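In this text the structure is predicted, and so the values were computed from the model without any measurement. Residue numbers begin at 1 in each chain, while the letters A, B, ... track the order of the sequences.
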Number of protein chains: 2
Amino acid sequence: MDMKLKQQASAITELTFDLLRCCKAKEKMFAKDHGLKVAEFRCLRIVEAGKSYSVQELATSMHLSPSRLTRIIDGLFAEKLVDRVQSIEDRRFAKISLTNKGQTLVGKLKEEYADLHGEMLKDISVEDRDKIYNGISLMQGLVSTWLVRNA
Amino acid sequence: MDMKLKQQASAITELTFDLLRCCKAKEKMFAKDHGLKVAEFRCLRIVEAGKSYSVQELATSMHLSPSRLTRIIDGLFAEKLVDRVQSIEDRRFAKISLTNKGQTLVGKLKEEYADLHGEMLKDISVEDRDKIYNGISLMQGLVSTWLVRNA
DNA sequence: ACATTTTCTTTGCTAAAGGCAAAAATAGTG
DNA sequence: CACTATTTTTGCCTTTAGCAAAGAAAATGT
């Protein structure tokens with residue numbers, strides 16, 4: 001079959017693999033520096049101040065099981081970063097939201113995580129940054145739709 | 001500071017994050033379909049037929065600790081996919097190499113994993129594939145050098 | 001020659017990440 | 001009110017991963 005395709009595919013596979021490993025290390029470092037577990041950091045990244053979330057919402061948006069989420073929230077709750085209250089309308093639901101302490105931390109986290117990436121990207125041109133964006137965006141789309149079709 | 005940079009940085013952060021998650025799921029599915037643990041699959045991907053490797057070599061090239069590698073190799077050894085013999089020149093070293101069974105499997109694995117990516121990439125243009133390659137390559141370089149500087 | 005140090009691997013232990021299945025609690029419905 | 005469905009939690013298990021100490025072998029100093 002298409003030789004060029006095969007070549008490109010395997011090169012991209014390799015690169016993606018390396019990128020993955022590096023990003024994982026990067027996340028781990030960042031989380032550790034802020035006294036968080038990686039899973040906690042990932043969870044905090046998606047909760048917005050003022051909003052409240054069910055366990056399920058968080059689980060689906062993080063692509064994890066509800067039980068896993070319960071444990072992650074346990075940790076954040078123990079650190080007084082999130083509140084967990086029973087919904088009044090439907091008491092099966094939990095309503096997870098940031099405490100003041102949590103809001104402060106998340107604000108700092110987002111700021112510093114963006115800075116970290118800004119630091120990485122600052123020495124290259126706007127065009128190259130766009131290339132990165134476009135390339136990763138395309139790839140993300142492909143992998144994502146592939147997953148949906150093959151899950 | 002540079003508003004454009006910040007915007008691009010945070011968009012790229014988000015995308016990379018999603019890509020990472022999807023690729024992880026992809027690897028997991030693929031490994032499972034072939035009766036392997038993800039770590040085992042990752043290890044097999046880097047050993048070439050006919051060559052032999054020390055535990056340390058594998059550990060550094062996978063960016064894992066030697067002890068972790070010992071365990072991964074234990075698994076592969078139990079499945080009779082790799083041989084583990086003491087080096088004659090320096091008996092401290094282990095020499096890890098693929099068995100016949102391992103070679104057959106790795107061959108199939110590489111073939112099918114490339115096909116999987118070929119499948120994902122086949123419907124887009126050669127130019128778009130190049131865009132993906134270039135974008136991810138740039139990003140990988142940045143994250144990688146950042147890691148070296150900040151580790 | 002032998003004691004010490006260094007190097008490579010393994011083992012024991014621990015933590016974190018994650019899922020499955022059953023239980024608990026609540027809501028909705030015949 | 002009995003039954004079913006939904007949401008979360010709990011118990012238990014697996015996988016991934018590292019650290020520190022032990023073991024084994026080589027290199028080196030005296």
Identify all pairs in which a protein N or O lies below 3.5 Å from an N or O of nucleotides 22-24 of chain C, and state each distance.
none

For Leu121(A), does its backbone N or O pair with a side-chain atom of Arg129(A) as donor and acceptor, under 3.5 Å?
yes
For Arg21(A) and dA17(D), give me the distance from atom CZ to atom C1', rounded to whole Å.
15 Å
For residues 132-151 of chain B, the salt bridge (charged side-chain N to carboxylate O under 4.0 Å, His left out) pairs (sequence neighbours left out) are none
Which ones in residues 43-56 of chain A lie close to DNA chain D, meaning a heavy atom under 4.0 Å from one of its atoms?
Ser54(A), Val55(A), Gln56(A)
Would you give the length of the straight line joining atom NZ of Lys24(B) to atom CG of Leu147(A), rounded to the nearest 0.5 angstrom?
13.0 Å
Checking Ser52(B) side chain against Ile96(B) main chain: does a donor-acceptor pair fall under 3.5 Å?
no
Any pair counted as salt bridge (charged side-chain N to carboxylate O under 4.0 Å, His left out), so long as it reaches residues 92-109 of chain A, sequence neighbours left out
Asp90(A)-Arg92(A)
On the six-membered ring of Phe17(B), is Arg45(A) placed so that its NZ or CZ lies under 6.0 angstrom from the centre and within 45° of the ring axis?
yes
Contacts satisfying salt bridge (charged side-chain N to carboxylate O under 4.0 Å, His left out) that involve residues 25-40 of chain A (not counting sequence neighbours) are Glu27(A)-Arg42(A)
With sequence neighbours excluded, tell me which residues meet side-chain hydrogen bond (donor to acceptor under 3.5 Å, both in side chains) with Arg91(A).
none
Could you give all pairs that pass the salt bridge (charged side-chain N to carboxylate O under 4.0 Å, His left out) test and reach residues 46-72 of chain A, with sequence neighbours left out?
Glu48(A)-Lys51(A)
Under the rule for side-chain contact (heavy atoms from CB on, under 4.5 Å), what residues qualify as partners of Asp130(B), not counting sequence neighbours?
Gln8(A), Val126(B), Asn134(B)
So which of residues 74-98 of chain A are in contact with DNA chain D, with a heavy-atom cut-off of under 4.0 Å?
Arg84(A), Arg92(A), Phe93(A), Ala94(A)
Would Ile136(A) end up clustered with Ile124(A) when hydrophobic side chains under 4.5 Å apart are linked, directly or stepwise?
yes
If the condition is side-chain hydrogen bond (donor to acceptor under 3.5 Å, both in side chains), which residues does Ser67(A) pass it with, not counting sequence neighbours?
Ser65(A)
Taking for each residue the nucleotide of DNA chain C with the nearest heavy atom, is it Thr70(B) or Lys32(B) whose nucleotide lies nearer the 5' end?
Thr70(B)
Name the pairs: protein N/O against N/O of nucleotides 12-19 of chain C, kept only if under 3.5 Å.
residue : atom : partner  : partner atom : Å
dG12(C) : N7   : Arg71(B) : NH2          : 2.8
dG12(C) : O6   : Arg71(B) : NH2          : 3.4
dC13(C) : N4   : Arg71(B) : NH1          : 3.1
dA17(C) : OP1  : Val38(A) : N            : 3.1
dA17(C) : OP1  : Ala39(A) : N            : 3.1
dG18(C) : OP1  : Lys24(B) : NZ           : 3.2
dG19(C) : OP2  : Ser65(A) : N            : 2.9
dG19(C) : OP2  : Ser65(A) : OG           : 3.3
dG19(C) : O6   : Arg71(A) : NH1          : 3.4

Which residues share a side-chain hydrogen bond (donor to acceptor under 3.5 Å, both in side chains) with Glu79(B), sequence neighbours left out
none
